Every structure is written in C-alpha cells, then in structure tokens.
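First comes the structure, then the notes that go with it.
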Amino acid sequence: MACLTQQFVGLKCPPISTTRLVNPSNYHHQSKQKPRIVVQAAAVVANAQTRERLKLKEMFEDAYERCRTTPMEGVAFTVDDFHSALEKYDFDSEVGTKVKGTVFSVDANGALVDITAKSSAYLPLREASLHTIRHVEEAGIFPGLREEFVVVGENEADDSLVLSLRSIQYDLAWERCRQLQAEDVVIKGKVVGANKGGVVALVEGLRGFVPFSQISTKSTAEELLEKELPLKFVEVDEEQSRLVLSNRKAMADSQAQLGIGSVVLGTVQSLKPYGAFIDIGGINGLLHVSQISHDRVSDIATVLQPGDTLKVMILSHDRERGRVSLSTKKLEPTPGDMIRNPKLVFEKAEEMAQTFRQRIAQAEAMARADMLRFQPESGLTLNSDGILGPLTSELPEDGLDLSEIPPADDL
C-alpha cells in the first residue's frame, strides 16, 4: 500500500483537457481543490483594491494639504495677474463715457448689453430712442445688434452700468438742425402741442416752438394739432435748449417758386359757398367759384369733393398775407370742360397754361409799348423780349410803331 501511494505521489498527469480517460478519483480530488483556489484569487483582488484606495486617499490628503497651505505653488497665473486682467478689460463707469456693446437680450423694459466688463450693462426703454416707443424693438434693437452707447449712470444694487442711445441721438439731432439752418431749407414738422404763444412741433426728434406770429394761416392751435407744417429754422441754440421755427418763412420761400401761370398738383381740403381750399404742397390756395369753369357753377359739390386730386393754375399770390389764388377755368380747352370732362382739362393743363403765359407776356409787352409811345422822353426802349432798356438810335424819337404788334386775346 505504501508502495502504491508513493507511485501516485510521483506520478505526473497531463492536463485534464488532454487526457482521454478520466479517472474518477482524480476528478473527485480536483473538485475539492477548486473552491480553495477561487477564495485565494478573490483575496488577492480585494487586497489590490484596498491598496489602490489607500493610494488615492493619500494623494487626496496630500493635494488637500497643499491647497490649504500653499494653494498657488506651481501656478504661473497669480491672483494679481487675475485682477490686472479684469482691470484691463473693465470700462470707466464715469457718466458720459462711450462704449461699444452687443445686445444679447431684450424685454419689455429694455435690453441687456455685453460691453465685456465685469457685469452686463442695461439699456432702459426710456434711453433706447429719442422718440417715444413701447418696446426697444421699435427702435431696431434686437439681440446681436452691436452699437455705440454712452454711460448715463450706475445701478447701485448690482454695480451694473446704465446705458443710453437717446443721449447720442439727441446730440446728433441738434447737429442736424444746425446744418439745416445753415442750408436754409424747408422741413416738415408735426404739431404735437400748443400753448398761449404758439404751437410745439416735432422736428428731427426735437420739440421746437412756432410762435403764432410765424404761422401763415389763421387756424387755431386745436386745428393744427397732429398736422404737418412746412417750417424753417429761426434759432438753433443747444446750450439754451432753444429751437424756434417759422411757418411763415417756409411758406414765403415756397410761394416764391410759384410763378403766375404755373400748373401745380393739389388736393381739395374743404368746400365753402364761395370756393374750394386746395392744398398745393403745404400751401393752402383758394379756387374761387368763379374760377372753376367758364360755365356757371351753382353748387361746388357737384364738381369737386374733399380729397379730390386735380391740377390748378396759379393766378396770383400774396406773400405777405400768405394767400394764393388758383384757377381751373383758364385750363379749359373749351368753356365748360371742367364740368363735363375734367379729365380732358387735366390732360391739356400744361398746354393751356403755356397759352395763358404767352397772353400775359403779350399784354405786358403792349403795356410797355404804350408807356414808351406816350412818354418818349423817358429815354427807355423796349427790346424784342419786352424788356425796357436805354433809348437807342434805332428807336424814333416819337415812340414805337405798334402796327406789327398783334392784339392780345381776352385774358
């Protein structure tokens, strides 16, 4: 038996996977050894994890100690460098400083603006435009808009800056008014208010004053409200906030361009028993009932209605009193066309006006000739254009020969 045992102990068997025949006794022996091997392997893994945890714990404790005692050791960017960077990209918060910014959010009360400072800046609704608006979008302010703003204050609650576009637009508006005054141009102003001395008109976003003495019409302040008036600048003083305007000067300038016999486009404003008031580009002219047609007009409403657009001819204008007399009667190809066929009258208006101007010129030439005929001692003569000039040797001493001057038609 002992010999047999020694033989088994010294026996070396090949792996079980390569053994063709399985010895039941060997299988039983290996079954007993397998749990022990698994337990040993698990113990090895557990020990490795424990060592890894201990190593991580030591690293964490070491890092914590270094952060607590020497937090900036080995760091090139110091706290002083950080504060210097903030100061480099921060803006002066002094009122009046201009900054560039980008709108990144809007709401009903204003807009948030990124000016690359420590905190965002705010643009209130009241500072978004020179005009009265209900939302910043009405002034063209949307997220992504990059614009120049001016600092007008600081919010003490969060140290954010308060910005304004209105302040910049205000300065530009005064500069524009000074330029328009220097150019002596006529501009349009909407009447938005009134007081005992005149009316207030909105020009370039600014409120200007128009004294009643500088208004050419006899309209009341209530009648002028919400209407646009042609205006000229009388005084532009930004320091005193004085902006004085004149409607009378603008009307006189416009009327100076209205020559007698010129044809203009007008709109019927109102009808009266004696005629119709026509708006001819900001100037009110009177089309008297007797100047509507060669045929008698008993009721103006049968020919014209408020809002009608028509062509009229300038008969006369009084610059001092701001009155313009108009006519459609002189534009009729045949008497009564204004009543029966007004479209034909407007189509032939320029042609008929040219004929009228020729008749006027002819009548003036005859008047000058008559004056020289009866007053040769004046030493003046009439040239081929009907203009008076010095007496020449070609003019007989006893006056002009009027036999070649054609008679003027009835005007």
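Predicted model only: the values in this text are computed from it and were never measured.
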Q | Lys190 side chain near Lys227 side chain, heavy-atom distance below 4.5 Å | A | no
Q. Side-chain contact, heavy-atom cut-off 4.5 Å: Leu180 with Val203?
A. no
**Q.** Ser290 side chain to His288 side chain, donor-acceptor N/O pair below 3.5 angstrom
**A.** yes
Q.
Let's go through Val113 and Val99 carefully: what are the C-alpha distance in whole Å and the side-chain angles of both, what is the deciding distance for side chain to side chain contact (heavy atoms under 4.5 Å, CB included) to 0.1 Å, and is it a yes or a no?
A. CA-CA 11 Å; Val113 184; Val99 296; over 6 Å; no
Q: Give, for atom CG of Leu315 and atom NZ of Lys329, the distance between the pair rounded to the nearest 0.5 Å.
A: 9.5 Å
Q) With Ile278, which of Thr267, Leu286, Thr309, Leu310 fulfils side-chain contact (heavy atoms from CB on, under 4.5 Å)? A) Leu310
Q. To the nearest 0.5 Å, how far apart are CZ in Phe356 and OG in Ser327?
A. 7.5 Å
**Q.** From CZ (Arg134) to OG1 (Thr132), nearest 0.5 Å
**A.** 11.0 Å
Q | From CG (Leu165) to CG (Leu145), nearest 0.5 Å | A | 8.0 Å
**Q.** Pairs where residues 169-183 contributes a residue and the test salt bridge (charged side-chain N to carboxylate O under 4.0 Å, His left out) is met, not counting sequence neighbours
**A.** Glu175-Arg178, Arg178-Glu238
Q.
Quick one, Phe233 and Val185 - any side-chain contact, counting heavy atoms below 4.5 Å?
A. no
Q: Taking the side chain as every heavy atom from C-beta outward, state whether Ile300 and Tyr274 have any pair of such atoms under 4.5 Å apart.
A: no
Q. Is a donor on one side and an acceptor on the other found under 3.5 Å between the side chain of Asn247 and the backbone of Leu231?
A. no
Q. Are the side chains of Lys330 and Val263 in touch, meaning some heavy atoms are under 4.5 Å apart?
A. no
**Q.** Shortest non-hydrogen contact from Leu271 toward Gln305
**A.** CD1-CA, 4.3 Å
Q: Dump the intermediate steps for side chain to side chain contact (heavy atoms under 4.5 Å, CB included) on Trp174 and Val236, then the final yes or no.
A: CA-CA 8 Å; Trp174 278 103; Val236 180; 3.7 Å; yes
**Q.** Expected output: side-chain Glu138 to main-chain Ile133 donor-acceptor under 3.5 Å
**A.** no
(Q) Does any part of the side chain of Val103, heavy atoms only, come nearer than 4.5 Å to the side chain of Phe149, both counted from C-beta? (A) yes
Q) Which heavy atom in Leu202 sits nearest to a heavy atom in Arg207, and how many Å separate them? A) CD1-CG, 3.9 Å
Q: Run through Val324, Ile280, Leu331 and flag the one making a side-chain contact (heavy atoms from CB on, under 4.5 Å) with Val312.
A: Ile280
Q | Test item: Thr102 side-chain N/O and Arg146 main-chain N/O as donor-acceptor pair under 3.5 Å | A | no
Q | Check: Glu332 side chain, Asp337 main-chain N or O, donor-acceptor pair, under 3.5 Å | A | yes
**Q.** Contact summary for Val191 and Leu229, nearest pair of heavy atoms
**A.** CG2-CD1, 3.7 Å
Q: Start with the C-alpha gap between Asp299 and Val297, add the side-chain angles, then the distance that decides, and say whether side chain to side chain contact (heavy atoms under 4.5 Å, CB included) holds.
A: CA-CA 6 Å; Asp299 185 3; Val297 177; 5.8 Å; no
Q. Do Asp114 and Thr116 have side-chain heavy atoms sitting under 4.5 Å apart?
A. yes
Q | Within-4.5 Å side-chain heavy-atom neighbours: Ile168 and Glu147 | A | no
(Q) Which heavy atom of Gln291 sits nearest to which heavy atom of Leu326, and what is that distance? (A) CB-O, 3.6 Å
Q.
Once rounded to the nearest 0.5 Å, what's the spacing between atom NZ of Lys98 and atom CD of Glu148?
A. 5.0 Å
Q.
Salt bridge check, Arg242 against Glu235: does any charged N sit closer than 4.0 Å to a carboxylate O?
A. yes
Q. With distance as the sole test, does Tyr122 use its side chain to make a donor-acceptor pair with the main-chain N or O of Gly110 at under 3.5 Å?
A. yes
Q.
Please report the interatomic distance CG(Asp279) to CG(Leu265), rounded to the nearest 0.5 Å.
A. 10.0 Å
(Q) Checking Cys177 against Leu206 for the side chain to side chain contact (heavy atoms under 4.5 Å, CB included) test, could you report, in this order, the C-alpha distance in whole Å, the side-chain angles of both residues, the deciding distance, and whether it holds? (A) CA-CA 9 Å; Cys177 288; Leu206 301 176; 4.0 Å; yes
Q.
Below 30° counts as parallel, above 60° as perpendicular, anything between as tilted: where do the rings of Tyr64 and Phe60 land?
A. parallel
Q: Taking atom types as modelled, find out whether Arg166 and Gln169 have a side-chain donor-acceptor pair closer than 3.5 angstrom.
A: no
Q. Which pair of non-hydrogen atoms, one from Glu127 and one from Leu163, has the smallest distance, and what is that distance?
A. CB-O, 3.6 Å
Q. Which pair of heavy atoms, one from Ala201 and one from Leu245, lies closest together, and at what distance?
A. CB-CD1, 4.4 Å
